[in-house]
Amino acid sequence: MDMDKSWFDEMEARIPHGEVRTRFAPSPTGYMHVGNLRTALYTYLIARHAGGKFILRIEDTDQGRLVADAVDVVYATMRRCGLDWDEGPDVGGPVGPYIQTERRDFYGRYARLLVEKGLAYYCFCGKAESAEDSGNFERVEDPCRALAPEEVRARLDAGEPYVIRQRIPEGSTTFHDAVYGDITVDNAELDDQILLKSDGLPTYNFANVVDDHLMGITHVVRGAEYLSSAPKYNLLYEAFGWEIPTYVHCASVMFNDPATGAVRKMSKRMGDPSYQDLVAQGYLSQAVVNYVALLGWAPHGALAEQEFFTMDQLIGAFEIEGISKSPSAFDMDKLNYFNAAYLRDLPPEEFAREAEPWIRRAVKNPAYDAAAIAALLQARCEKLSDIPEKVDFFDAPPEYGADLFTNKKSKTNPEVSLEMLKQAYPVLSQLGDWSQEGIHGALVGLAERLGVKNATLMWPLRIAAAGKAVTPGGAVEICRILGKEETLRRMELGMAKLQ
RNA sequence: GGCCCGGUGGUCAAGCGGCUAAGACACCGCCCUUUCACGGCGGUAACACGGGUUCGAUUCCCGUCCGGGUCACCA
């Protein structure tokens, strides 16, 4: 007992005070929900805005759901998103360990402490049917609540499996949330919550409170799905006599299914995109972070109209008051808009580096300059996965009909187009300077001599070169990349279609 | 079903008792232009409903409706 007391004192002594400390505490599942990413971001921003500490803690108490290497996915995601942590499993810190299974004996000690105080009790009832399965939401009092101490001792000695449950007092509980304000709940709504499971590991609710306290967490940020558990957390803090942190509950991120039009909470299980899915489709992490920051939070005052933020700007602008109470729908269109803007803002070389693998999926011919193609693409794609279908014509133009040569705005039809191609062919075949400027100058000069709009000449040429009505870049850019020989060959094919 | 939380255009949202109710995405026009895109200009479109409180409600209160969450030895 004395040893125990000094152990508890030591744990208390480690707790840092006097700084804002927040934590992101994912359970490693192998991917990151968009909603979780947003929670991580807000948690990070609150700490950084206040010049405090951001802590990473891994919650792996659900042995049934463990996924190998999933912790690495957490690390990688957070690094790519710019969420650097001050304390965590890999970097250590004053209040470790930072993985819950490595803290497993802590929870038992604290649970038994509560039993000694008479605020929790051993229960030997075995697993109960869940309310969901039974369809019965009635609350029943646990008979073990009133077990005599001698009997508890005897059953414990007999090695009977048990859980430890908190004794919820009568009355009501009021807690304060920084986003939602004061909320009062009748304790009759609350179960005698299980603190320690029969496998000896803590429940999420219990581990959270113990760890948040032991790690000196000042602001507990989490999804609004935990709002109705908050009174239970308060009751635990009160039972231990611990200071209650500031709660920051964030409304859910919904997903507007484009297929069905249904709106629902975003869920990987329903096939909604995770952060990993988005990255695989060629979304930039900064774009995702920027978009997600604004999904449920808005800056105040002079910044109210700003929508593009660097991480540093977010840190400066982020205030808890700006967090929204109502759920918000993840909108692919708007993410596309942000991503397109971020892609355009990339230095051309960097964009080319990002784009090249996607270009090479469709363009196998090494003679075609990927960097030159990338330059055409930069202002024309919302995400990198848009690229292959836009550039597939370089290797070989698709089968196309003569009708493509007709375009009202360019004043072309099959006859005009044939004439234009016939005129352009000798000019291009004699052209020595096969550069953007060279080709452009030659064609513009020709159009002028013929007395036609530039478009009247360019349209048929582009159709012949690409075989598509819509292409990244115009006739000049495409011909330049194709090279003289291939351009002329495709012009011949085009003319043949028009004969 | 009980309890909790929400409700400003299709979406994200500003607003925090008095405004012609911002801005962005999407959509639609026009301009620019070698197609498309980028860029520029303009347009359509909202305070869920009913009661109060108030000189005055999108803003405060109540009810209705609608939406979400939660009632596990999951987190």
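In what follows, every heavy atom counts, from backbone to side chain, and hydrogens, waters and symmetry copies are set aside. Here is the naming used below: chain letters follow the sequence lines, and residue numbers restart at 1 for every chain. Being a predicted model, the structure only gives us computed values, none of them experimental.
Applying the side-chain hydrogen bond (donor to acceptor under 3.5 Å, both in side chains) test to every pair with at least one member in residues 471-482 of chain A, sequence neighbours left out, gives these pairs: Gln436(A)-Glu477(A), Arg462(A)-Thr471(A).
G10(B) and A57(B) have their C1' atoms separated by 27 Å, given to the nearest Å. When the P atom is compared between G29(B) and C36(B), the two are found 13 Å apart, to the nearest whole Å. Rounded to whole Å, the C1' atom of U33(B) lies 13 Å from the corresponding atom of G40(B). Comparing G15(B) with C65(B), their C1' atoms sit 25 Å apart, to the nearest whole Å. Here, G52(B) and G17(B) have their C1' atoms 16 Å apart, quoted to the whole Å. Rounded to a whole angstrom, the distance from the C1' atom of C16(B) to that of U35(B) is 50 Å. Taking the P atom of each, G51(B) and U59(B) are spaced 14 Å apart, rounded to whole Å. Using atom C1' as the reference point in both C41(B) and C32(B), the two lie 11 Å apart (nearest Å).
If you check the side chains of Asn208(A) and Glu59(A), you find a donor sitting under 3.5 Å from an acceptor. Side-chain atoms of Tyr283(A) and Asn336(A) form a donor-acceptor pair, as typed in the model, at a separation below 3.5 Å. In this structure, a donor-acceptor pair under 3.5 Å is absent between the side chains of Thr173(A) and Asn234(A). Side-chain contact check for Asp192(A) and Tyr121(A): at least one donor-acceptor pair (N or O, by modelled atom type) lies under 3.5 Å.
At whole-Å resolution of the value, CE in Met332(A) and C1' in C25(B) are 14 Å apart. Spacing between atom CG of Asp331(A) and atom C1' of C27(B) amounts to 13 Å, rounded to whole angstrom units. In this structure, OH of Tyr291(A) is placed 12 Å from C1' of A26(B), rounded to the nearest angstrom. Here A75(B) presents its C1' atom at 12 Å from CZ of Arg57(A), a figure rounded to the nearest Å. Asp177(A) has its CG atom 13 Å from the C1' atom of G6(B), to the nearest Å. Taking atom CG on Asp142(A) and atom P on A72(B), their separation rounds to 13 Å, with Å as the unit. Between Tyr204(A) atom OH and U70(B) atom C1' the separation is 14 Å, expressed in whole Å. Glu307(A) has its CD atom 10 Å from the P atom of A26(B), to the nearest Å.
Using cut-offs of 30° and 60° for the angle between ring planes, the Phe175(A) and His249(A) rings count as perpendicular. The aromatic rings of Phe330(A) and Tyr291(A) stand perpendicular to each other, their planes meeting at an angle above 60°, with 30° marking the opposite boundary.
Of the charged side-chain nitrogens involved, at least one lies within less than 4.0 Å of a carboxylate oxygen, so that Lys468(A) and Asp392(A) count as a salt-bridged pair. Arg145(A) and Asp142(A) are not joined by a salt bridge, as no carboxylate oxygen comes within less than 4.0 angstrom of a charged side-chain nitrogen. Using a 4.0 Å cut-off between charged side-chain N and carboxylate O, Asp212(A) and Arg57(A) make a salt bridge.
Look at A72(B): it lacks any Watson-Crick or wobble partner with both distances under 3.5 angstrom. With both pairing distances under 3.5 Å, C12(B) is matched to G23(B) as a Watson-Crick or G-U wobble pair. Nucleotide C55(B) forms a Watson-Crick or G-U wobble pair with G18(B), both donor-acceptor distances falling under 3.5 Å. Checking G7(B) for Watson-Crick or G-U wobble geometry (two distances, each under 3.5 Å) identifies C65(B) as its partner. G42(B) is paired with C28(B) under the Watson-Crick or G-U wobble criterion, all donor-acceptor distances under 3.5 Å.
Across all strands shown, Glu189(A) has heavy atoms under 4.0 Å from base atoms, whether or not it also approaches the sugar-phosphate.
Sequence order on RNA chain B of the closest nucleotides to Asn205(A) and Trp297(A) puts Trp297(A) first from the 5' end. If Lys232(A) and Phe175(A) are placed on RNA chain B by their nearest nucleotide, the residue sitting closer to the 5' end is Phe175(A).
Listed candidates were C5(B), A37(B), A22(B). Nearest to the side chain of Glu305(A) is A22(B). Counting only heavy atoms from C-beta on, Ile194(A) has its side chain closest to A72(B) among A72(B), A75(B), A13(B). Nearest to the side-chain atoms of Val185(A) among the listed nucleotides C4(B), U11(B), C74(B) stands C4(B). Among the nucleotides C73(B), A75(B), C12(B), the one closest to the side chain of Ser198(A) is C73(B).
Judged by the 6.0 Å distance and 45° axis criteria, Lys497(A) is positioned over the aromatic ring of Tyr400(A).
Within residues 334-343 of chain A, the residues having any heavy atom under 4.0 Å from RNA chain B are, by residue number, Lys334(A), Tyr337(A).
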In 5'-to-3' order, the base (B), backbone-only (S) or no-contact (-) status of each nucleotide in nucleotides 31-36 of chain B, using a 4.0 angstrom heavy-atom cut-off, is --BBBB
Protein heavy-atom contacts under 4.0 Å, written 5' to 3' over nucleotides 61-69 of chain B as B (base), S (sugar-phosphate only) or - (none), form the string -------SS
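Contact between the side-chain N/O atoms of Ser229(A) and the OP1/OP2 oxygens of U70(B) is not found at any separation under 4.0 Å.
Considering only residues two or more places apart in sequence or on other chains, Tyr162(A) meets the ring pair (Phe, Tyr, Trp, His ring centres under 6.0 Å) condition with Tyr122(A). Partners of Lys232(A) by side chain to side chain contact (heavy atoms under 4.5 Å, CB included), not counting sequence neighbours, listed by chain and number: Leu190(A), Gln193(A), Asn205(A).
Taking each heavy atom of Ile164(A) and Arg112(A) in turn, the nearest pair found is CD1-CG, 4.2 Å.
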